[in-house]
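Just so it is clear, the structure is predicted and the values come from calculations on it, not from any experiment.
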Amino acid sequence: AGAKDDTFSVLDLAEYTKNRPWWRKIFAPSSGSSAEKYNVATQLVIGGVTGWCTGFVFQKVGKLAATAVGGGFFLLQIANHTGYIKVDWNLVQRDMDKAKQQLSFHSRGNKMPPEVKSRVDEVIIFLKKNVILTGGFAGGFLLGMAS
């Protein structure tokens, strides 16, 4: 009737998780697609909320950028009309022709660089794996742009 003296090592999970960054807790290295982790309603809500926030911010920043570009163009036209600045239209035409040639040269090849193609393939794979989340994001984005 001898008692065994077993020693066990204790793994404190609370300490382990405190030392891990927050993104590792959410997106674990072995995390699969969202379809494997969340139900349909959760995916739609997550996609819809993030899409709405993105669309809302995109709308506000877009309005601000359009106002700045339009206002700058308007001020340049006034300055040109009143004589504060002079535009060399021959130089503008020459630069535009150069830009058109470069665009037509690049568009004739219709070949994507391999880096871009691999990124596009990754995005397509992600979209196929997370169709519901992507659909929720797209709907939320459109609602955010409309609000």
Side-chain angles (χ1 to χ4, degrees), residues 8-147:
F8 297 100
S9 67
V10 177
L11 175 61
D12 187 6
L13 291 177
E15 280 299 315
Y16 177 73
T17 56
K18 283 181 189 173
N19 295 332
R20 294 183 74 194
W22 64 270
W23 63 86
R24 291 270 188 210
K25 295 175 192 172
I26 296 172
F27 306 110
S30 63
S31 65
S33 68
S34 63
E36 297 170 358
K37 295 190 291 187
Y38 302 109
N39 63 19
V40 174
T42 305
Q43 291 180 59
L44 281 174
V45 168
I46 290 172
V49 169
T50 56
W52 183 85
C53 292
T54 305
F56 186 76
V57 169
F58 191 83
Q59 174 204 29
K60 296 299 179 186
V61 170
K63 282 183 181 179
L64 180 66
T67 303
V69 169
F73 182 72
F74 182 68
L75 289 175
L76 284 174
Q77 287 296 329
I78 290 174
N80 182 33
H81 183 69
T82 56
Y84 285 108
I85 60 173
K86 296 288 182 202
V87 177
D88 185 359
W89 290 108
N90 293 328
L91 180 62
V92 171
Q93 186 63 39
R94 192 171 44 218
D95 287 345
M96 290 298 292
D97 291 339
K98 228 188 270 185
K100 285 180 190 176
Q101 286 175 349
Q102 287 179 347
L103 284 174
S104 67
F105 174 75
H106 289 299
S107 66
R108 271 187 252 136
N110 289 336
K111 290 187 177 180
M112 260 194 276
E115 307 88 37
V116 174
K117 184 163 176 34
S118 68
R119 293 291 180 197
V120 168
D121 291 341
E122 287 178 23
V123 168
I124 290 172
I125 290 169
F126 175 81
L127 294 177
K128 285 181 179 178
K129 283 185 176 180
N130 301 294
V131 173
I132 297 171
L133 182 73
T134 306
F137 180 86
F141 183 81
L142 292 175
L143 286 174
M145 288 290 291
S147 62

Measuring from [X]:[atom1] to [Y]:[atom2], what's the distance to the nearest 0.5 Å?
X: Leu76; Y: Ile85; atom1: CG; atom2: CD1; result: 5.0 Å
X: Gln59; Y: Lys63; atom1: CD; atom2: NZ; result: 4.5 Å
X: Asp95; Y: Leu91; atom1: CG; atom2: CG; result: 4.5 Å

Mind checking what makes side-chain hydrogen bond (donor to acceptor under 3.5 Å, both in side chains) contact with [X], not counting sequence neighbours?
X: Arg119; value: Glu122
X: Thr67; value: none
X: Thr42; value: Asn39
X: Asp97; value: Gln93

Where Ile132 and Gln43 come nearest, the two heavy atoms and their spacing: CB-OE1, 3.7 Å
According to side chain to side chain contact (heavy atoms under 4.5 Å, CB included), who are the partners of [X], at least two apart in sequence or on a separate chain?
X: Phe73; result: Gln77
X: Ile124; result: Val120, Lys128
X: Asp121; result: Lys117
X: Leu127; result: Val123, Thr134

Test: ring pair (Phe, Tyr, Trp, His ring centres under 6.0 Å). Region: residues 128-147. Which pairs qualify, not counting sequence neighbours? Phe58-Phe141
side-chain hydrogen bond (donor to acceptor under 3.5 Å, both in side chains) pairs touching residues 45-54, sequence neighbours excluded, are Trp52-Ser147
Is there side-chain contact between Met145 and Leu142, with heavy atoms separated by less than 4.5 Å? no
Once ring-ring contact (aromatic ring centres under 6.0 Å, His included) is applied, do any residues pair with Phe126, and if so which ones, sequence neighbours excluded? none
